[in-house]
Each structure stands twice: as structure tokens, then as C-alpha cells.
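See structure below.
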Amino acid sequence: MRPNPTLILFLLAVFSTTVALYSINSSEDYQRTIADNVIVFPRLNAKPEAANVLFIETGALKLKFTQNAESVWVAENKFKYPASSELIQKVISQLADMRKIAVKTRMPSRFNQIGVEPYQKADANSVFVKLQGADGEILAESILGAQFKRNNIGVAEGTFIRHPKEQQAWLASGSIDIPSDLLSWLDTRILNIEFNEIKKIKFWEKMGGKAVVLRSNDDRGFIYQNRDGIRYLDRKIAKNLFESFTKLSFVDVWPRKTSEKWQSILYFEVEVYSGSKIAGQLLRGDTRKILQFSVDENELKKIALRGLSDAIAYSELNNWSYVIPAWQADRFLEGLKVIGGGLQ
């Protein structure tokens with residue numbers, strides 16, 4: 001009996017397919033594409049509210065943030081100045097939600113290709129992150145590498161990760177926002193007064209010159225009073241003066257006790273319609289312009305009653321010297337023009 005050629009071809013095809021499938025499934029490359037979609041940091045995922053200390057390290061940059069007794073995140077590397085709680089909470093949430101998608105390389109020579117090389121190197125692109133609880137329990141710890149938005153396995157966002165004590169790299173879901181400079185981690189807001197909340201501003205200088213700018217009762221905008229009397233103020237100048245106190249932010253900050261030989265340029269007091277007043281001065285230090293505030297206890301209580309203390313730490317105003325951007329300083333300096341007179 002002669003064998004059926006068709007049957008032989010069919011059996012050979014089945015055998016070949018079986019061998020091929022076995023080869024693919026047992027190969028290292030295929031295994032690297034498989035992951036269990038498990039939570040990367042189960043302890044953090046179970047209790048993200050327990051995070052109390054955050055460490056960030058990359059190259060020469062080493063940052064540490066802690067929660068103080070008032071549950072405010074502060075920067076240990078910047079005189080314990082308040083950090084951006086919004087940013088830190090976002091990082092905690094992003095880490096807690098991460099899941100393993102795919103197993104990646106174990107070869108150190110390839111770590112730099114996906115950004116999970118040792119973070120201590122000066123030219124490292126990787127970032128080390130660690131979250132601890134108040135009792136020292138490690139809730140999350142990883143080297144974060146390159147990120148991407150889309151790939152061919154249906155992942156919208158992903159991040160390559162590796163535990164610093166392990167060789168195995170992974171692809172995890174989601175992306176993490178990790179700024180690479182200290183300033184970006186701080187709450188850089190100083191004042192957040194709305195333009196229409198400001199009633200009047202007083203200006204004076206060390207030599208005795210004074211001026212007051214306030215809103216007029218008619219539709220002509222603003223009036224000012226200085227040594228020349230009372231007049232209407234140019235709307236552009238008035239707008240710059242009033243906006244100098246809105247959305248005010250800093251580019252550097254030091255404790256007030258820091259000893260510096262600064263020159264006072266301008267003193268001011270801003271009053272809002274609720275009755276709260278905030279006084280301060282603009283100083284010159286080399287090429288920098290610095291703001292210092294003086295707010296008494298009663299005024300701080302008024303501000304707290306208005307519900308602003310939750311947004312910005314106004315109670316901290318008396319404790320710090322703030323370096324402000326040049327363009328914000330220029331707005332303050334419009335006050336010298338008002339004191340000097342000759343404006344229309």
C-alpha cells in the first residue's frame with residue numbers, strides 16, 4: 001500500500017507548526033514580551049496616603065521631601081520651604097497606579113538604551129525615586145527610565161523601570177512627572193491676589209517720598225496722590241502696579257535671617273476690599289531683585305478667615321526673602337514713577 005502524499009504533507013505541516021510554536025514560546029525573546037500586569041508597588045498602591053518621605057536622585061542632584069507636623073510637604077534641601085503638594089501627590093498617584101506590562105532586558109550594556117542605567121553617573125538619564133512611610137517602611141523604590149506615548153501592544157503611555165538592586169528591567173504602564181531641578185518642586189507662589197480684589201496701594205521710599213494709588217469711583221479707572229496732589233493715573237501704569245501683586249512668584253528663596261547687604265528700593269502696602277493689608281519692600285542685591293514682607297498677626301488671621309491660607313502659606317511671608325523675576329520687579333518699579341510725579 002503506497003502512503004498518501006496528502007496525509008504525509010499534512011502530518012509534516014502539523015509537526016512543523018508544533019515545533020515552531022514550542023520554539024517561540026520557549027525562546028528568551030518571546031518571554032521578554034510577557035508580563036502579568038501586576039501592580040509595580042503594591043504597598044504604595046494599598047496605602048498611598050502613608051507616603052511621608054520622597055527621595056529623588058539623578059547624577060549630582062539629590063532631593064528629599066518630607067511631610068511636617070502640619071502635613072505640608074517641605075524641601076529638606078531648601079531650608080524646609082514648602083514644596084508643591086500638587087506635584088508630589090501627582091507623583092505618588094502615578095507611582096501607585098503603575099503596572100508591569102512587559103519584561104525587558106537583563107543586560108547592563110543595554111540599560112542606557114531604555115534609560116535605566118545606574119542613576120549615580122554624572123551623565124545618567126535615569127532617575128531614582130523612593131517613597132517611605134513615617135515608620136521608614138519603603139512603599140516604592142525604582143529607577144525610572146525612558147517614556148513613550150504609544151506602542152504596538154496597545155499601551156497609551158509607558159515607562160521603563162528597574163529596581164536598583166536587580167538586573168531585570170520592565171516596561172510599566174503610565175508616565176511619571178519628575179522635574180530635574182529643585183525650583184520646579186517648590187511651591188513658588190508668593191501672593192495670589194486677584195486684580196479686582198485690590199483696593200489701593202501705598203508706596204514710599206527711604207528718602208520720604210510717598211504716593212497712594214486707588215480705584216476711582218467713576219469709570220476713569222485709577223487715581224493717585226503724591227506731592228503734586230491728586231490726579232488720574234495712566235491705565236497702563238495702574239494696571240502694571242496692581243498686577244505686580246497678582247499671581248506673584250519667585251525664582252529663588254532664602255530664610256529672612258540670611259545676612260545679605262541689600263539696598264532698599266521701594267516700600268509698599270497693598271490693601272484689598274476685605275480690609276486685609278500686606279506690607280513689604282523691594283530690595284536690590286547685585287543683579288537680583290528681592291521682596292520681603294511684613295504682615296502682622298491680626299492681618300494673618302484675616303487672611304486665614306478668607307480661606308486663602310490653604311492655597312498659599314501666607315503665615316510664612318514674614319520668614320523669607322524672595323528673589324523675583326526681572327519682569328515682575330519692573331512692575332513694582334512703576335511705583336517710583338508715581339512717587340516722583342509728572343504722570344498723567
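Keep in mind that this is a model prediction, so the values were computed, not measured.
Screening K47, Q132, K130 for a side-chain contact (heavy atoms from CB on, under 4.5 Å) with L139, the sole residue that qualifies is K47. Tested against V129 for a side-chain contact (heavy atoms from CB on, under 4.5 Å), the candidates I143, I176, T58, L54 yield a single pass: L54.
L241 and Y273 sit in two unconnected hydrophobic clusters of ILVMFWY residues. Membership requires side-chain heavy atoms under 4.5 Å apart, directly or through other members.
Taking CD of E205 as the reference point, atom CG of L336 lies at 6.0 Å (rounded to 0.5 Å). With rounding to the nearest 0.5 angstrom, the OG atom of S274 is 10.0 Å from the NZ atom of K199. To the nearest 0.5 angstrom, K90 atom NZ is 10.5 Å from I178 atom CD1. To the nearest 0.5 Å, the span separating CE on M98 from CG on L171 amounts to 8.5 Å. Rounded to the nearest 0.5 angstrom, I161 CD1 and S126 OG are separated by 13.0 Å. Taking CD of E197 as the reference point, atom OG of S276 lies at 9.5 Å (rounded to 0.5 Å).
The pair K121-D123 does not meet the salt-bridge criterion, since no charged nitrogen lies less than 4.0 angstrom from a carboxylate oxygen. Using a cutoff of 4.0 Å between basic side-chain nitrogens and carboxylate oxygens, E334 and K337 are scored as salt-bridged. Between E117 and R110 there is no salt bridge, since no side-chain nitrogen of the basic residue lies less than 4.0 Å from a carboxylate oxygen of the acidic one.
Taking the six-membered ring where the residue is Trp, Y81 and Y322 present perpendicular rings, their angle passing 60° and hence far from 30°. Relative ring orientation between F268 and F332 is described as tilted, the plane-to-plane angle lying within the 30° to 60° band.
By the neighbour-count criterion of 12 heavy atoms within 6.0 Å, atom CZ of R288 is densely surrounded, having more than that number from other residues, nucleotides or ligands. Heavy atoms of other residues, nucleotides or ligands lying less than 6.0 angstrom from CD of E86 number 12 at most.
Inter-residue side-chain proximity for F65 and V91 is flagged as unmet; no heavy-atom pair is nearer than 4.5 Å.
Of all heavy-atom pairs spanning R162 and P118, the tightest one is NH2-N, 3.9 Å. Listed here is the closest heavy atom pair of D97 and S173: O-OG, 4.0 Å. Minimum heavy-atom separation, S180 to L61: O-CD2, 3.2 Å. Looking at every heavy atom in both residues, L131 comes nearest to L44 through CD1-CD2, 3.7 Å. Considering all non-hydrogen atoms of both residues, K104 and I114 come closest at CB-CD1, 4.5 Å. Listed here is the closest heavy atom pair of L87 and S184: CD2-O, 3.5 Å.
In terms of modelled atom types and a separation under 3.5 Å, the side chain of N77 and the main chain of K64 share a donor-acceptor contact.
A cation-pi geometry, defined here as NZ or CZ lying under 6.0 Å from the six-membered ring centre and within 45° of its normal, holds between R215 and F195.
Of the N and O atoms on the side chains of Q167 and R106, not one donor lies less than 3.5 Å from an acceptor on the other residue.
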